[in-house]
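Let me begin by presenting the structure, written as structure tokens, before commenting on it.
This one's a predicted model, so the numbers in the text were calculated from it and none came from an experiment. Whatever order the structure lists them in is the order used to number ligands and atoms, beginning at 1. By convention here, the first residue in the shown sequence is residue 1.
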Amino acid sequence: MSEETIFSKIIRREIPADILYQDDLVTAFRDIQPQAPTHILIIPNHLIPTANDIKASDEKALGRMMSVAAKLAEEAGIAEDGYRLIMNCNKHGGQEVYHIHMHLVGGQPLGPILTRQS
Ligand code: 5GP
């Protein structure tokens, strides 16, 4: 069994979060430490710890995460200028919360996606 994270409590509304969207498959809420004017996290309602754990049976939830991202980008008014969708995986990816989440960030030019680490 994988261990629940704080995101499961947000899904169940046991702790506060600025939830923008929720349905039977996914939940979207504002990041507590936004890195851009728009910074939303979109997560599956069932626990998948990392991108490495995604199975074919998760495809419906993963697809919903993408369509909800497009809807929320439109609602945030950033669709036309553009934005970035990011999913970090494990240590090298900088993952901090082990319940997969897609970051939707935008509202300003975001610069190059990667800067090479020495
Ligand atoms: P990661 O580094 O795992 O890709 O991103 C985790 C994200 O979750 C971070 O951007 C962090 O600010 C956000 N986060 C962590 N704990 C909470 C929380 O309790 N509430 C909300 N809304 N965001 C959180």
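Side-chain atoms of Gln35 come within 3.5 Å of backbone N or O of Gln33 as a donor-acceptor pair.
Taking the side chain to side chain contact (heavy atoms under 4.5 Å, CB included) definition, one finds that Glu4 meets it with Ser8, Arg12, sequence neighbours left out. Taking His103 as the reference, His39, His101 meet the ring pair (Phe, Tyr, Trp, His ring centres under 6.0 Å) condition, with sequence neighbours excluded. Listed by chain and residue number, Asp18, Leu20, Ile40 satisfy the side chain to side chain contact (heavy atoms under 4.5 Å, CB included) test with Arg30 (two or more places apart in sequence, or in another chain).
No hydrogens or angles considered: a donor-acceptor pair under 3.5 Å links the side chains of Thr27 and Asn45.
Here Phe29 and Phe7 bring their ring centres to under 6.0 angstrom of each other.
The residues lining ligand 1, counting any heavy atom closer than 4.0 Å, are Ile6, Phe7, Ile10, Phe29, Arg30, Asp31, Ile32, Gln33, Leu41, Asn88, Gly94, Gln95, Glu96, Val97, His101, His103.
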